[in-house]
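Remember, it's a predicted structure, so these values are computed and weren't measured experimentally. Index from 1, following the sequence.
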Amino acid sequence: MRNLLPLISSHPGRRSALTCRFRCGDACFKETPNTSDNEYAGDIIARAVSRRSMMRAAAVVTVAAAAGTAALTGPNAPQAEAVALAGHGHEPPRKPAPSGARGLRFSPVAPNKNDKVTIPDGYSQNVVIRWGEPILRGAPAFNPDKQSAKAQAGQFGYNNDFLSLLPLRGERGRQVLVANHEYTDEILMFRGYDPANPTREQVEIAWAAHGLSVVVVQEEHRTGKLGPVSRHPLNRRLTATSEFRVTGPAAGSPLLRTSADRTGRKVLGTLNNCAGGTTPWGTTLHGEENFNQYFANGNTDMHKRYGIGTGATERKWERFDRRFDLAKEPNEANRFGWVVELDPYDPDSTPRKRTALGRFKHEAAQPRLTSDGRPVVYMGDDEKFDYLYKFVSSKRMKKGTSRAAREHNLTLLDEGTLYVAKLTGDSPAAEIDGTGKLPTDGEFDGSGVWIPLATGTTSHVPGMTADEVYVYTRLAGDKVGATKMDRPEDVEPSPRTGRVYVALTNNSDRGKEGKAGADEANPRNANKHGQILELAENWDDPAGDGFAWRLFLVAGDPNDPATYFSGFPKESVSPISCPDNVAFDDHGNLWISTDGNQLGSHDGLFGVATHGDRRGELKQFLTVPTGAETCGPVIQDRRVLVAVQHPGEVDGASVEKPASIWPDGPGKIVRPSVVAVWRKDGRDIGV
C-alpha cells in the first residue's frame with residue numbers, strides 16, 4: 001500500500017495567512033459565529049430510527065436515483081426497480097470497464113507544485129483574460145505602476161471566481177463571459193503597500209476591482225482559444241460603488257435603511273462575490289459571501305452572528321467612507337450578503353439583490369425547475385457549522401426571449417418560500433465515532449426535511465418577523481434547529497438526474513470542546529478534507545419538503561481508510577482535498593474545484609462520474625500555480641474554463657517579492673486570470 005500523502009497543517013485549511021487576511025478576514029482564527037445550541041444530526045438519530053420505515057418509503061424513488069441509476073422521473077417510475085435499488089448497503093468495489101467514464105477519458109494530472117496551470121497530455125491552454133485588461137471603451141492598457149480607480153473601473157477586475165459562458169446570438173464564434181471578482185489583495189496589487197495606512201487612491205482602486213465583469217469573448221477558429229472582444233457594447237463593469245436595486249419581500253424594510261438611502265431599496269456596490277449560478281432564463285446569479293470583513297466596529301449580537309468584528313478592518317475602508325463604519329451606519333452591513341441577479345444581455349439594466357433568498361454568506365445559487373416550471377434555488381452558507389438552504393418560487397418561468405417573457409422572468413426570485421435543511425442519519429449514534437469509519441450498513445446516509453422559514457411577508461419562525469427572517473436568516477436557521485454542516489459551499493443540481501450535490505469543504509472545529517461533534521452527514525472530527533453530499537428530493541420533486549441523502553464522496557488521500565468514492569476502487573482515483581466549486585458536463589460527470597488542498601499539492605480541478613459502473617471514478621484534470629485557488633469551472637463539450645484566483649498569495653509575498661511568476665513570467669506582476677483548456681485534436685473533452 002502507498003504511504004499516506006504528507007499533510008500541511010501550518011495554517012487552517014492550508015491557505016496562506018495572506019489569503020485568510022484578505023479573503024475572509026481571518027475567519028479561521030475567530031470564534032465560530034454559530035454558537036447556537038440547536039440540535040445537530042447526531043442528537044436526533046435515536047429518534048429517527050422509530051420512523052425510518054416511513055421516511056424510507058417516502059424517499060424510495062429518490063434513493064433509487066441516488067444509488068447511481070439513470071434518472072427516475074417521478075412517482076410513476078417502475079415500483080419494482082425503485083424497491084430493488086432502495087437498499088442502503090455498502091456498494092462493493094467494482095471492477096471498472098477499461099475504457100473509462102465518458103467525458104473523463106484523459107490521463108490524470110499527478111499532484112504537483114508547479115508554478116503553472118498543469119493540464120493532461122494532448123491538451124492545450126491559453127489565458128483568456130487577466131486582471132486589468134481593458135474591456136470598456138476608453139479604458140487604458142494595464143499599468144500596475146500607473147493604476148487609477150477610473151482605469152480599473154473600465155478593466156477586468158481582480159481575483160476572478162465564478163464564471164458563466166452564455167450564448168451570443170448572431171455573432172458567430174462569440175459568447176458572453178460573466179465573472180465575479182471576489183476580493184482584493186492590496187499587498188500583491190500595490191508596490192510599497194502599507195496595510196496600516198492605505199491611501200485613498202489605493203482604496204478607490206480596490207473598490208473598482210471588486211464586483212462583476214461582463215465581457216464578450218471570441219473563439220479562435222480551429223482551436224479552443226478564447227480572447228476578449230474589448231469595447232463590445234455588452235461589456236460592463238460593476239464595482240463596489242455601482243448602483244444595485246433591492247427587491248423582494250424585505251425591500252424597503254427599516255432594517256435596510258441608512259442615512260444615504262432612506263428607502264431601503266438602493267445599495268451601492270456588491271462585495272466578496274464568490275460562486276454563483278446561471279438561470280434557465282438567461283441571467284446570472286452572484287453570491288455575496290465574506291462581506292463581514294469590510295465593516296468596522298460591529299457592536300451587536302447580530303453583527304457577531306455574521307462574523308463582523310468589533311474593531312478596524314484589514315483594508316481600513318471605514319476611514320474613507322462612513323458606510324463601512326457600523327458605529328455610524330449600523331444597517332449598512334444588512335445590505336450585503338444577498339444573491340445578486342444580473343442580466344448580462346442588457347448593459348443598461350440595474351442588477352438586483354434578491355431578499356427572498358435570504359441573507360448569509362452565499363457561496364452559490366444554482367436553479368433547477370419544477371415539473372410545472374417554477375425555479376428552485378439551492379444555496380450554501382460558507383461558514384463552519386452553518387446551513388444548507390433552498391428557495392422555491394411561487395411563479396412559473398415563461399419560455400422564449402420576448403421582452404414580456406424576460407420582464408416576467410426577472411420577477412421569479414422575488415416571490416416564494418425560503419427553507420433550511422435538517423438532516424437525519426439512519427445509523428445508531430454510537431457508530432458515528434468521528435473517525436470517518438463507515439457504520440455497519442456500509443455508508444453515511446439518511447433522510448431530511450426542508451423547514452420553511454418565510455413565504456412572502458409571512459414568517460414561519462416563532463418570534464421573528466418576515467423581514468427579520470430574510471435579513472437575519474442565520475438566526476432563523478438557529479431557531480428551527482437546522483443541521484450544522486461542514487462549510488456548505490457550492491450546491492449544484494444535476495441537469496441529468498435532478499440529484500443535488502453539496503460541496504462541504506472542511507471544518508477544523510468539528511468535535512472540539514463546546515462545538516458540535518461528528519454526525520452522519522459530517523462524520524469526521526477536525527475535518528481537514530471535506531466531503532460531497534448527494535441529495536435526492538422525495539419523488540424527484542424539488543418543491544417538496546423531504547429528501548434522502550448520502551455522502552457521495554469523502555475526500556482525502558485514497559489510502560486513508562476514512563475516505564470513500566462511492567465504492568469505486570480507491571487505487572484508481574486521484575487524491576482530492578477541500579472541494580469548493582462544482583459544475584456538470586453534458587455526460588453527467590461532476591467537476592470539482594478545490595480550495596486549500598491539505599495533501600501537499602496545489603489546488604486543482606477534478607472530474608468524477610456520478611452514475612453507471614464507474615460511479616465514483618475521480619480524476620484530476622489540472623492544477624493551478626503557486627498560491628492559487630481553482631474557481632468558477634465551466635465545462636463545455638470542447639472547452640474547460642477555470643478562474644485562477646489569488647496566484648502568488650503566499651506568506652511573505654509582495655509585489656517586490658513575488659512568490660509566483662504566473663502568468664506572464666519573471667519581472668511581471670502576478671495577475672489573477674481566466675484560463676481555457678481544450679484538446680489539441682479538436683475533439684470533445686474526455687471522450
Side-chain angles (χ1 to χ4, degrees), residues 1-10 12-14 68 90-96 98 100-101 104 106-114 118 120 431-445 486 503-508 510-511 518 520 522-534 550-580 589-610 613-623 630:
M1 177 180 289
R2 295 172 294 175
N3 292 327
L4 293 179
L5 294 171
L7 300 181
I8 296 178
S9 56
S10 60
R14 201 202 66 88
H90 175 50
E91 298 178 39
R94 300 181 296 277
K95 185 175 181 180
L104 301 179
F106 52 82
S107 298
V109 169
N112 65 78
K113 294 185 177 181
N114 299 331
T118 303
E431 294 190 6
I432 310 301
D433 61 6
T435 67
K437 179 182 177 181
L438 287 170
T440 55
D441 70 356
E443 61 185 341
F444 300 110
D445 62 344
D486 285 352
L504 299 163
T505 296
N506 53 41
N507 186 349
S508 58
R510 174 79 57 184
E520 197 157 354
N522 306 276
R524 292 181 293 189
N525 289 330
N527 180 9
K528 298 177 180 179
H529 302 297
Q531 60 262 15
I532 301 281
L533 182 143
E534 183 181 53
R550 64 172 58 182
L551 292 188
F552 168 69
L553 184 153
V554 181
D557 184 345
N559 288 309
D560 185 343
T563 57
Y564 177 66
F565 297 85
S566 288
F568 195 82
K570 292 166 68 171
E571 67 273 12
S572 301
V573 302
S574 296
I576 184 173
S577 178
C578 301
D580 189 345
N589 300 311
L590 182 70
W591 291 69
I592 306 165
S593 62
T594 64
D595 172 21
N597 190 324
Q598 283 269 293
L599 295 173
S601 172
H602 287 177
D603 280 310
L605 179 67
F606 302 74
V608 58
T610 63
D613 290 339
R614 303 189 77 91
R615 172 178 160 88
E617 178 184 33
L618 181 134
K619 291 183 176 183
Q620 183 156 13
F621 183 74
L622 59 77
T623 55
T630 323

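Listed here is the closest heavy atom pair of F552 and E534: CB-CB, 3.9 Å. Contact record, K437 with F444: O-CZ, 3.4 Å, taken as the closest heavy-atom pair. Closest approach of A503 to P579, counting heavy atoms only: CB-O, 4.0 Å. The nearest pair of heavy atoms linking D595 to T505 is O-CG2, 4.2 Å. Closest approach of P558 and V573 over heavy atoms only: CG-CG2, 3.6 Å. Shortest non-hydrogen contact noted between N527 and G530 is OD1-N, 3.0 Å.
Proximity of a side-chain donor or acceptor of R510 to a complementary backbone N or O of A526 within less than 3.5 Å is not detected. The main-chain N or O of D560 is found under 3.5 Å from a side-chain atom of K570 such that the two form a donor-acceptor pair. Checked by atom type and distance alone, the side chain of E617 never pairs as donor or acceptor with a backbone atom of G100 at under 3.5 Å. Of the possible polar contacts, one joining the T563 side chain to the D557 backbone as a donor-acceptor pair under 3.5 Å is found. Here the side chain of S566 pairs no donor or acceptor atom with the backbone of G616 at under 3.5 angstrom. Between the side chain of T594 and the backbone N or O of C578 there is no donor-acceptor pair closer than 3.5 Å.
Applying the side chain to side chain donor-acceptor pair (under 3.5 Å) test to S574 and every residue at least two apart in sequence or in another chain returns nothing. For T435, the side chain to side chain donor-acceptor pair (under 3.5 Å) partners two or more places apart in sequence, or in a different chain, are D433. Taking F621 as the reference, F106, Y123, W591 meet the ring-ring contact (aromatic ring centres under 6.0 Å, His included) condition, with sequence neighbours excluded. Applying the side-chain contact (heavy atoms from CB on, under 4.5 Å) test to S577 and every residue at least two apart in sequence or in another chain returns H529, N597, Q598, L599.
Atom CG in L622 sits 8.5 Å away from atom OG1 in T118 (nearest 0.5 Å). Note that CG of D486 and CG of N522 are 4.0 Å apart. Values are rounded to the nearest 0.5 Å. In this structure, the separation between CD on E520 and CZ on R550 is 11.5 Å, given to the nearest 0.5 Å. Summarising the geometry, atom OH belonging to Y564 is positioned 9.0 Å from atom CG belonging to L551; distances are rounded to the nearest 0.5 Å. For the atom pair CD (Q620) and CG (N112), the distance works out to 7.0 Å, reported to the nearest 0.5 Å. Here L553 contributes atom CG and L618 contributes atom CG; the two are 6.0 Å apart, rounded to the nearest 0.5 Å.
When each of I532, V608, I576, V554 is checked for a side-chain contact (heavy atoms from CB on, under 4.5 Å) with F565, only I576 meets the rule.
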